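Here the structure is laid out as structure tokens; the discussion comes afterwards.
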2 protein chains.
Amino acid sequence: MAGRQGPGGGAGDRPGAKRAGLDFPRPLTTVDIVIFTIRLEALHVLLVRRGHGEGEPFPDAFALPGGFVDVARDADLAACARRKLAEKTGVVSPYLEQLGSWGSATRDPRGWSATHAYFALIPASAADAALAADAQWFPLQDDNVKPKLAFDHAEILQAAVQRLRNKVEYTSLPAYLMPEEFTLPELQRTYEVVLDRLLEKSAFRTRMLSADLIEPIAKMRKGPNRPAQLYRLKKKAAPVYFARTFNAPE
Amino acid sequence: MAGRQGPGGGAGDRPGAKRAGLDFPRPLTTVDIVIFTIRLEALHVLLVRRGHGEGEPFPDAFALPGGFVDVARDADLAACARRKLAEKTGVVSPYLEQLGSWGSATRDPRGWSATHAYFALIPASAADAALAADAQWFPLQDDNVKPKLAFDHAEILQAAVQRLRNKVEYTSLPAYLMPEEFTLPELQRTYEVVLDRLLEKSAFRTRMLSADLIEPIAKMRKGPNRPAQLYRLKKKAAPVYFARTFNAPE
DNA sequence: CGAATAGTGTCTTTAAGACACTATGTT
DNA sequence: AACATAGTGTCTTAAAGACACTATTCG
């Protein structure tokens with residue numbers, strides 16, 4: 001049987017009707033990004049207001065930043081995601097991870113469409129530096145966001161939040177939400193904001209310091225009380241995976 | 001600015017040149033599945049030999065089962081994956097999980113293409129029952145397989161193996177590789193085959209039995225020695241996530 | 001009985017949880 | 001000095017690792 005033929009030429013049906021051609025309808029292909037940051041002690045996500053030109057679905061609704069893959073400009077999916085991220089935030093090298101893909105006949109009224117969803121973590125310091133005019137940060141409340149989202153973006157957002165919360169239990173991902181220099185209590189606070197749960201100081205410090213992740217710098221954070229040691233991410237800052245989760249959620 | 005326009009209508013370029021139309025080139029959209037099973041104490045993956053009609057890329061090479069999304073038949077991506085899985089193996093309700101997507105200008109010589117990859121676990125008992133004529137099981141050796149694979153399928157396969165190995169450290173996924181009835185030593189053996197590492201019997205048993213995953217049945221596995229208690233997956237057999245990995249790989 | 005595998009128990013180890021305690025700055 | 005937060009130490013706890021020991025079947 002022929003291998004990768006078009007629809008209708010698949011296994012079992014119309015044997016012998018080999019068509020190597022590509023003259024069958026193709027789904028729309030988009031990339032969407034869930035961009036997280038921490039502002040005002042709360043997890044925020046970036047949304048974009050949609051236009052209202054003719055034929056635009058979900059006019060004026062909020063949506064995740066994203067759009068069609070441009071086969072002329074985008075070498076691959078990750079490049080497309082990075083391009084869209086940079087267009088909206090100016091950030092060029094954030095933590096970027098593929099989240100999954102969503103595709104169906106009905107999610108876009110214009111026809112069968114599939115989106116490749118990514119999620120990105122950017123530090124608060126970069127979150128407002130070069131924000132696009134149509135983009136806006138929204139705080140997350142109970143895994144959701146106030147405005148009703150276009151397409152199936154509420155579902156995608158929910159998956160992103162779940163993935164983030166889940167990974168924060170056993171990885172160093174929150175480090176990518178921090179500014180260049182930060183203290184351990186500040187990092188712990190970020191963990192706590194994402195997890196919406198307090199963590200044990202001593203266990204947290206032991207875990208972070210024994211991971212090959214951060215290094216102290218010759219500077220302290222001054223405040224009204226005892227100053228705190230400042231740290232920065234090590235150069236080779238690959239995310240660290242710990243062997244256990246934090247609290248075994250009983 | 002307009003929201004989800006076609007390529008060229010994105011942020012920043014050609015302002016005012018709004019085009020709500022969809023008259024721009026679309027990538028090819030495919031779904032591929034990495035199907036795992038255990039045979040002869042080794043992890044195997046299902047491959048399909050490609051055809052050699054005109055215009056067929058990678059003629060006669062082996063590839064992951066998959067193919068184009070059929071916008072007329074497939075309601076969504078998961079349905080497309082299930083269809084292709086059933087076509088090749090006859091299995092209708094396996095463990096099926098989205099793996100990720102791979103898309104670029106160069107992975108398919110016919111043009112910009114994106115594939116949505118899934119991975120499935122099926123029991124050995126189902127692995128040969130209704131195998132398609134062009135499909136064949138190959139053992140995994142060092143995260144790879146003997147034949148050179150078409151497209152970027154070697155990369156996808158590698159990602160699938162990594163994901164499986166990783167998840168086996170802290171989940172009950174191998175249970176989906178077992179036949180309906182199995183003993184604890186058999187389940188442990190499956191874990192060991194996937195991880196390519198021996199596990200401690202007592203820790204393994206404690207973990208499995210304290211999870212709400214399997215239940216004993218009123219039957220024993222008879223053999224040349226002491227018989228072993230047979231178990232089956234509980235009805236609500238959602239995968240279990242453990243709070244720790246097995247051996248902390250030092 | 002001995003061989004072989006199933007299954008249990010006991011002690012150690014690791015890393016987290018609880019929480020007290022010390023350290024160091026500001027006002 | 002009072003206070004607030006940074007940072008450490010000590011004891012407990014949960015679950016895994018090591019490994020010996022018992023249990024049950026067959027030949």
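Residue numbering restarts at 1 for every chain, and letters A, B, ... go by the order of the sequence lines. The structure displayed is predicted, hence computed values, not measured ones. Any value given below was found using the heavy atoms of this structure, including those in side chains, with hydrogens, waters and symmetry copies removed.
- Atom-to-atom, OH of Tyr170(A) to C1' of dA15(D) comes out at 19 Å; the value is rounded to the nearest Å.
- His44(A) contributes a side-chain N or O that, together with a main-chain N or O of Ala42(A), makes up a donor-acceptor pair within less than 3.5 Å.
- With rounding to whole Å, Leu230(B) atom CG is found 9 Å from dG7(C) atom P.
- Summarising the geometry, the separation between CZ on Arg197(A) and P on dG17(C) is reported as 8 Å, rounded to the nearest angstrom.
- Judged by distance alone, the side chain of Gln229(A) and the main-chain N or O of Ile217(A) form a donor-acceptor pair under 3.5 Å.
- A heavy atom closer than 4.0 Å to some atom of DNA chain C occurs in Gly223(A), Pro224(A), Asn225(A), these being the qualifying members of residues 208-225 of chain A.
- When atom types are taken as modelled, the side chain of Trp137(B) and the backbone of Ala127(B) share a donor-acceptor pair closer than 3.5 angstrom.
- Between Phe138(B) and Phe62(B), the angle of the ring planes goes over 60°, which puts this pair in the perpendicular group of the 30/60° scheme.
- With hydrogens and angles disregarded, no donor-acceptor distance shorter than 3.5 Å links the side chain of His153(B) to the backbone of Ala63(B).
- No hydrogens or angles were tested; on distance alone, nothing pairs the side chain of Arg226(A) with the base of dA4(D) as donor and acceptor under 3.5 Å.
- When heavy atoms are screened at a 4.0 angstrom cut-off, Arg205(B) is found touching base atoms of the nucleic acid.
- Between the CD atom of Glu169(A) and the C1' atom of dA15(C) there is a distance of 15 Å, given to the nearest Å.
- Between Arg244(A) and dA15(C) there is no side-chain polar atom (N or O) within less than 4.0 angstrom of OP1 or OP2.
- Regarding Leu199(A), its CG atom lies at a distance of 14 Å from the C1' atom of dA18(C), rounded to whole Å.
- Separating the OH atom of Tyr231(A) from the C1' atom of dA6(D) is a distance of 10 Å, rounded to the nearest angstrom.
- The interatomic distance linking Phe242(A) (CZ) with dA16(D) (P) rounds to 19 Å, in whole Å.
- Under the 3.5 Å distance criterion, with hydrogens and angles disregarded, a donor-acceptor pair is assigned to the side chains of Gln188(B) and Glu192(B).
- Results of the side chain to side chain contact (heavy atoms under 4.5 Å, CB included) test with Val48(B) over Glu87(B), Lys88(B), Gln136(B), Lys84(B) single out Lys88(B) as the only residue that passes.
- Per the geometry, CD belonging to Glu186(B) stands 10 Å off P belonging to dG7(C), to the nearest Å.
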Please write out the pairs of protein N or O atoms and N or O atoms of nucleotides 10-12 of chain D separated by less than 3.5 Å, giving the distance to one decimal.
none

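- For the 3.5 Å distance criterion, the side chains of Glu97(B) and Tyr95(B) qualify, holding a donor opposite an acceptor.
- For the side chain to side chain contact (heavy atoms under 4.5 Å, CB included) criterion with Leu177(B), the lone passing option out of Ile122(B), Val194(B), Val168(B) is Val194(B).
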